Protein chains: 2
Amino acid sequence: MAATLKDVALAAGVSIKTVSNVINDYQHIRADTKQRVMEAIAELGYSPNLSARSLRSGRTGVIGLAVPELSLSYFAELAGSIIKAAERRGLKVLIEQTGGDRSHELEILSSPRLQMTDGLLFSPLGMSNEDAHHLNVNFPLVLLGERIFGGPTDHVTMSNVESARAATAHLLSKGRRRIAVVGAHEGEVIGSAGLRLQGYRQALEEAGIAFEPELVAYTTFWHRANGARSMRELLEAGVAFDAVFGMNDTLALGAMRVLQEAGRRIPDDVAVIGFDDLDEGRYSLPTLSTIDPGRDEIADTAVRVLQERISGRDGETPPREFEARFQVIERESSALPA
Amino acid sequence: MAATLKDVALAAGVSIKTVSNVINDYQHIRADTKQRVMEAIAELGYSPNLSARSLRSGRTGVIGLAVPELSLSYFAELAGSIIKAAERRGLKVLIEQTGGDRSHELEILSSPRLQMTDGLLFSPLGMSNEDAHHLNVNFPLVLLGERIFGGPTDHVTMSNVESARAATAHLLSKGRRRIAVVGAHEGEVIGSAGLRLQGYRQALEEAGIAFEPELVAYTTFWHRANGARSMRELLEAGVAFDAVFGMNDTLALGAMRVLQEAGRRIPDDVAVIGFDDLDEGRYSLPTLSTIDPGRDEIADTAVRVLQERISGRDGETPPREFEARFQVIERESSALPA
DNA sequence: CGCCTATCCTACAACGTTGTAGACTCACCT
DNA sequence: AGGTGAGTCTACAACGTTGTAGGATAGGCG
């Protein structure tokens with residue numbers, strides 16, 4: 001059986017509360033009392049019962065993180081960053097996988113399954129902007145991602161429009177003029193796909209190049225297979241292009257594969273850039289140019305903001321939006337001018 | 001404020017304990033009483049306080065998972081599988097990252113930081129067999145991975161030797177005779193690298209082929225960069241080979257990249273097989289043959305065994321070893337006979 | 001008719017912790 | 001000498017839940 005405050009108190013010849021005070025660094029304790037208590041703690045190998053502490057304090061020191069799937073590299077890396085950020089602030093992270101499924105996401109918001117957390121970092125994929133009102137919950141919630149904007153909670157996101165514009169501008173700076181896009185979502189305005197497409201169009205416009213619908217490939221998901229399939233369709237349709245903007249690295253890698261099978265040289269014939277800065281792109285053949293969306297900054301901000309909401313220090317501060325700084329990373333896949 | 005049993009009891013006109021009984025499906029409750037309580041619960045939006053429940057029952061319903069890094073694809077996918085397996089059994093998962101660092105791993109075993117979990121799934125990377133005694137802890141612990149064998153706890157692992165033998169045999173069956181290995185660890189006997197090298201040698205021996213030390217490339221880590229560097233060294237040393245066994249997919253992908261840069265055709269000139277069945281290998285160019293180590297089975301077994309230890313049903317059952325079933329997956333990288 | 005058992009419900013204590021209120025000592029000031 | 005205040009410590013209650021013991025009612029049996 002684990003030792004309790006009572007056992008330590010008995011061993012040290014003091015009251016339970018004094019032991020509690022020692023543990024919580026209460027100021028006014030005589031040095032020798034403190035010493036005796038510390039010794040008793042060490043001897044009995046005492047450590048506080050966190051359930052009891054939580055019951056008393058109403059805090060668990062645990063935050064929840066809901067992501068679609070850890071097998072999606074972006075979310076695995078995000079989760080890793082968040083765990084590190086949480087650790088720096090003395091918090092533990094409990095991870096839920098939603099599968100990117102809207103009903104599963106709503107269930108997580110409403111069900112009492114995460115009663116053992118102080119708050120939630122929520123990265124939905126299936127929900128859309130019309131679901132924003134579901135974010136009105138009675139626990140601290142910080143929204144991640146690009147599915148919902150202007151919701152009732154704090155929101156940490158990447159600069160989708162601007163970084164997509166920068167990615168496109170990067171390809172333009174290499175002299176590319178017919179830039180295909182892979183991963184658009186039919187009719188989407190808000191959401192990673194919609195915003196990144198918007199950035200793409202802005203860059204074209206600034207360069208005085210007409211937007212050509214035939215260069216846009218639509219997919220439902222953002223897996224490698226989707227990137228590969230889209231590229232196959234573009235090639236079969238006989239669309240001419242000298243560059244590809246993959247809406248994420250995974251799509252770009254899938255597209256690259258098909259391009260190479262078809263005998264197109266990268267970057268000589270077609271320059272490629274992705275989005276996310278996954279580890280994988282650093283070792284692909286050729287290495288993949290990409291956008292570093294500032295994952296560590298997103299993680300750090302999200303945890304910080306959630307902790308502020310949990311502590312209640314910020315009172316009734318209205319919902320805030322945070323955009324992480326991004327960076328264009330040029331690698332082999334876009335190194336050559338056309 | 002969240003509703004408590006007391007509030008519900010008051011609203012339903014029954015005792016606190018009756019509400020508790022309704023929630024816990026106690027048998028002898030009159031239908032109409034139950035009905036009234038349920039209504040009160042629904043109306044007040046009551047949900048149990050898990051801290052209080054934990055304090056009372058001594059169980060939290062949370063298990064810990066300690067892995068090196070979620071940015072390593074294998075562990076991200078393993079974590080995903082484990083979360084799903086845990087969910088099926090009504091458990092939540094709290095993830096720690098050790099960084100694969102021995103001292104950090106030991107700290108997790110000794111420190112009281114995971115007092116809020118009922119048990120731990122532990123996948124060390126830095127610890128070695130001599131550290132086995134550190135696994136003697138006073139909480140339920142299930143060991144994962146290949147770093148330690150014969151320790152004092154239950155252990156779930158993949159069939160390293162046999163599946164490495166099967167991978168090698170697969171290459172042999174394609175007529176390959178000079179099979180390079182990438183990812184060996186100098187002097188290691190136990191551990192993924194040592195065991196897989198052993199399987200490689202067994203397969204050679206069975207085929208009556210001499211083991212050639214010059215075909216073995218040593219690395220300290222198993223990242224893509226290591227696979228790439230090893231392959232560069234092999235090529236520079238002028239060693240002849242017609243196949244490569246990468247000790248994991250990441251190494252194999254790194255090696256493939258360098259092979260292609262050097263103008264070797266895969267699988268025509270060099271057949272390649274990896275190990276882990278990562279999603280990435282399914283979309284590489286060419287697609288990567290690999291070993292499916294039975295990740296879901298590992299996850300499911302690990303969670304099941306841990307839950308058994310937690311419930312104490314198994315009493316003083318001695319430590320058990322579990323080996324998941326593996327499978328050779330042939331893809332393009334090894335499809336052609338030499 | 002009285003006893004026994006099954007059903008349905010309640011009061012109370014306990015899990016281990018921390019906040020509150022207050023007791024006691026001692027030095028210091030008026 | 002009495003009052004004040006800081007320092008040190010303790011007793012008690014409370015957080016919300018569940019196990020234990022037992023009370024009340026009703027039906028079945030000898």
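By convention in this document, chain letters (A, B, ...) are assigned in the order of the sequence lines, proteins followed by strands, and residues within each chain are numbered from 1. What you see is a predicted model, and the numbers here were worked out from it, not measured in a lab.
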Fill in the blank from the handout: In whole angstroms, the gap separating C1' of C:dC15 from CG of A:Leu5 amounts to 13 Å
Handout entry: Of residues 9-25 of chain A, the positions that come close to DNA chain C - non-hydrogen atoms, cut-off under 4.0 Å
Key = A:Ile16, A:Lys17, A:Ser20, A:Asn24
Problem - A:Glu323: which of A:Thr157, A:Val156, A:Ile298 passes side chain to side chain contact (heavy atoms under 4.5 Å, CB included) - result: A:Thr157
Handout entry: Residues B:Lys84, A:Glu69: salt bridge by 4.0 Å N-O rule
Key = yes
Handout entry: Ion pair A:Asp300/A:Arg88, N-O distance below 4.0 Å
Key = yes
Handout entry: Distance, rounded to the nearest Å, where B:Lys6 contributes NZ and C:dC12 contributes P
Key = 14 Å
Problem - Those residues that, when tested against B:Phe322, pass ring pair (Phe, Tyr, Trp, His ring centres under 6.0 Å) (two or more places apart) - result: none
Practice task
Grab the CG-P distance between B:Asp7 and D:dC15 for me, whole Å please.
Solution key: 11 Å
Completion exercise
Whole-Å distance, B:Gln27 CD to C:dC8 P, equals 10 Å
Exercise for the section: Compare side-chain N and O positions of B:Arg53 against OP1 and OP2 of D:dT18 and report whether any pair is under 4.0 Å apart. Expected result: yes
Completion exercise
Here the distance between atom C1' of C:dC26 and atom NE2 of A:His28, to the nearest Å, is 15 Å
Handout entry: Salt-bridge present (A:Glu105, A:Arg147; N to O < 4.0 Å)
Key = no
Practice task
Check the surroundings of atom CZ in B:Phe221: do more than 12 heavy atoms from other residues, nucleotides or ligands lie under 6.0 Å from it?
Solution key: no
Exercise for the section: Starting from P on C:dT25, measure out to CZ on A:Arg30 and report it in whole angstrom. Expected result: 13 Å
Exercise for the section: Flag the pair B:Ile82 / B:Leu144 as yes when at least one side-chain heavy-atom distance between them is below 4.5 Å, and no otherwise. Expected result: yes
Practice task
Please answer whether the main-chain N or O of A:Thr4 pairs with a side-chain N or O of A:Asp7 as donor and acceptor at a distance below 3.5 Å.
Solution key: yes
Exercise for the section: Sugar-phosphate atoms are those with a prime plus P, OP1 and OP2; base atoms are the rest. Using that split, label each nucleotide of nucleotides 21-28 of chain D B, S or - for protein heavy atoms under 4.0 Å, 5' to 3'. Expected result: --------
Handout entry: Earlier contact from the 5' end, DNA chain D, for A:Thr33 and B:Arg56
Key = A:Thr33
Exercise for the section: Figure out the CG/C1' separation between A:Asn49 and C:dA14, and round it to whole Å. Expected result: 13 Å
Problem - Under 3.5 Å side-chain donor-acceptor pair for B:Asn160 and B:Ser192 - result: no
Exercise for the section: Could you tell me the separation between the CZ atom of A:Arg36 and the P atom of D:dT8, rounded to a whole number of Å? Expected result: 13 Å
